[in-house]
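Sequence positions, counted from 1, serve as the residue numbers for this chain. Quantities reported herein were computed from a predicted structural model and do not represent experimental measurements. Whatever order the structure lists them in is the order used to number ligands and atoms, beginning at 1.
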Amino acid sequence: MTSEQQVKTDNRPRPTTEQFRAFVREGWAPRSTELPARAEVAPYAAARREALSAAYPGERLVIPAGGLKVRSNDTDYVFRPHTAFAHLTGFGGDREPDAVLVLHPRSEADGGGHDAVLYFRPMAGRDTEEFFADARYGEFWVGARPTLADIEAEFGLVARHIDDLPDALAKDAGAVTLRVVRDADSDVAALVDQARTEAGVEVTEEITEADVALAAYLSHLRMTKDEWEIQQMRDAVAATKVGFEAVIADLRSAVERGRGERWVEGLFGLHARHQGNGVGYDSICAAGDHANTLHWIKNTGEINEGELLLLDAGVEVDSLYTADITRTLPVDGTFTDAQREIYDAVYAAQEAAMAAIRPGAKFSDIHAAAIRVIAQHVHAWGLLPEGIDVEASLDTETGQYHRRWMVHGTSHHLGIDVHDCALATREEYMDAELVPGMVLTVEPGLYFKADDLLAPERFRGQAVRIEDDVVVTETGYENLSAGMPRRAEDVEAWIAQVQGR
Ligand code: GLY
Ligand code: MN
Ligand code: MN
């Protein structure tokens, strides 16, 4: 089913007579005039916009949702709004392609601050060509969009037609500084640059760097979650547990069917889509040696008895917040002695990392605590070079030999993006102190490739990662994923319980 409008060869002409148009226009039931209820997120999104407003007094701030991305020809990917847009509006799911949030500065006489206006493409009338003939936006093809009044009622934002955006950007463009989140939508960035140029403002590197600074500010703004966001994270974790348990319940089948990693990916994806919006990132379903490939998202392999299955997966709920959880599961329900040795080392590293989480501690303390335990274990196993002890290996300038077996970091911020707040500076992220409301992963691992001749033979071809999602509290932290067992014996008991054994 293709849109005749978008097929270049135009080999399927559609009727265009006035009689046909009149016929399509008529005979529909009246539209409901009932407005949607105010979204729970609305006051929280308003508070985030207030913080942004206070940081950029007198400037006009442009935050696009982004547009549809072509997959091929006239077929688009499912839409996902830009993270900064979702955060500042509260829009979730696939809402709304091409929308743009603008914070217009109010004059000092009007009390300062900003007016937030959402420009978007509202529902087209049944008397338009779009209604039946536009495969990208038309109601016949992709469903009805909200009206301006719908958006105002649901989100408490002033809503305007997207066609009003160019004039709104051009207004006082010489006198008022414009800033745009450039990477969200290159068309909108071009529109902003055009408004600047027409107002006599040259688009210098300094100007585009100021745009990038806005994006970085918005990334940092997400670092402390409000209570509504923490609830979304709880929901995402609960949904993720459902997906993990569905995989555990069907592990035997994944082995017997063959192509088991694909089966696991599909099973988790089914529940992610059922429980939430979908997966928050491509699931890593890695059996045996595949788990040594840190981002194994091909998921094309077999799952065999006796192996470990490393499942790193998270459900993104409808509001777009995602969990990011890893469990390493013995496929036949019980760890071998060698698997258990690796597992217990990683567990000890994770415990140490969690114990380092409290307000006032540094973000980097989490990794420091975990990696020390990893270094101690690889030293005890005799894997470090001759003459290198734990302290020598931990030396960041001259050591780091243990990183051969855990090359990644232990933690990252988590939220709408799986690697959230990624544009924040080193001072704001790595070197920053933890504060209540931050949501972080804790995810040490140990990786022994099948061809790693320095690894003990009993460990080769196996990897373990344990990943949990925590929120920093006033007194320490809360493990949001504590409901998913992670101690080795508890994992075995969990598998037995879920499989009804
Ligand atoms: N799933 C990606 C990560 O753990 O960071
Ligand atoms: Mn992960
Ligand atoms: Mn992670």
Side-chain angles (χ1 to χ4, degrees), residues 80 83 219 222-223 225 232-234 236-244 247 261 264-265 267-269 271-272 276-287 290-299 308-317 320-329 343 346-347 349-350 353-354 356-357 363-364 366-367 369-371 374 403 405-424 429-430 434 438-447 463-472 477 479-486 491:
R80 189 175 193 278
T83 302
S219 193
R222 298 198 305 275
M223 209 167 244
K225 271 66 178 172
Q232 299 308 301
M233 295 305 303
R234 288 186 196 285
V237 168
T240 299
K241 184 180 180 194
V242 172
F244 270 74
V247 168
E261 291 180 349
V264 167
E265 178 190 322
L267 262 181
F268 189 85
H271 289 277
N277 191 48
V279 291
Y281 53 93
D282 289 323
S283 305
I284 297 170
C285 311
H290 284 164
N292 284 307
T293 302
L294 296 174
H295 289 163
W296 177 258
I297 56 170
K298 294 181 199 281
N299 304 335
L308 293 174
L309 171 68
L310 186 156
L311 177 58
D312 180 344
V315 175
E316 168 184 280
V317 289
L320 303 176
Y321 288 79
T322 189
D324 177 10
I325 293 173
T326 306
R327 289 293 179 265
T328 305
L329 308 162
Y343 194 95
V346 175
Y347 179 79
Q350 199 195 26
M354 288 199 189
I357 302 175
F363 175 83
S364 55
I366 304 171
H367 178 66
I371 206 71
I374 295 293
R403 297 292 291 269
W405 295 284
M406 181 185 146
V407 77
H408 61 73
T410 303
S411 188
H412 56 81
H413 283 265
L414 183 67
I416 299 177
D417 284 348
V418 62
H419 294 166
D420 210 26
C421 315
L423 296 182
Y429 199 127
M430 241 355 134
L434 302 179
M438 287 179 167
V439 175
L440 310 164
T441 67
V442 186
E443 49 175 310
L446 273 168
Y447 307 86
V464 171
R465 179 164 63 255
I466 314 172
E467 179 173 23
D468 283 79
D469 303 339
V470 308
V471 56
V472 181
Y477 71 93
N479 182 359
L480 298 173
S481 41
M484 294 174 63
R486 63 190 172 90
V491 169

Ligand-side contact atoms (ligand 1) for residue partner Y281, heavy atom cut-off under 4.0 Å: 1 (N)

Metal proximity, H412 vs the Mn ion (ligand 3), N/O/S cut-off 2.8 Å: yes

Salt bridge (Lys or Arg N to Asp or Glu O under 4.0 Å) partners for R222, two or more places apart: D417, D420

Ligand 1-proximal atoms of D324, by part, heavy-atom distance under 4.0 Å: side chain

E467 neighbourhood, listing ligand 1 atoms whose heavy-atom distance to it stays under 4.0 Å: 4 (O)

I374 and W405, any side-chain heavy atoms less than 4.5 Å apart: no

Distance-only donor-acceptor check, side chains H408 and Y447, under 3.5 Å: yes

Distance filter under 4.0 Å to H419 heavy atoms, resulting ligand 1 atoms: 2 (C), 3 (C), 5 (O)

Residue pair M406 / P444, side-chain heavy-atom distance below 4.5 Å: yes

Parallel, tilted or perpendicular: ring planes of F363 versus Y429, cut at 30 and 60 degrees: perpendicular

N/O donor-acceptor pair under 3.5 Å between T326 side chain and D312 backbone: no

contact_flag D312 ligand 1 heavy-atom lt 4.0 Å: yes

N, O or S atoms of the protein lying under 2.8 Å from the Mn ion (ligand 2): D312 OD1, D312 OD2, D324 OD1, E467 OE1

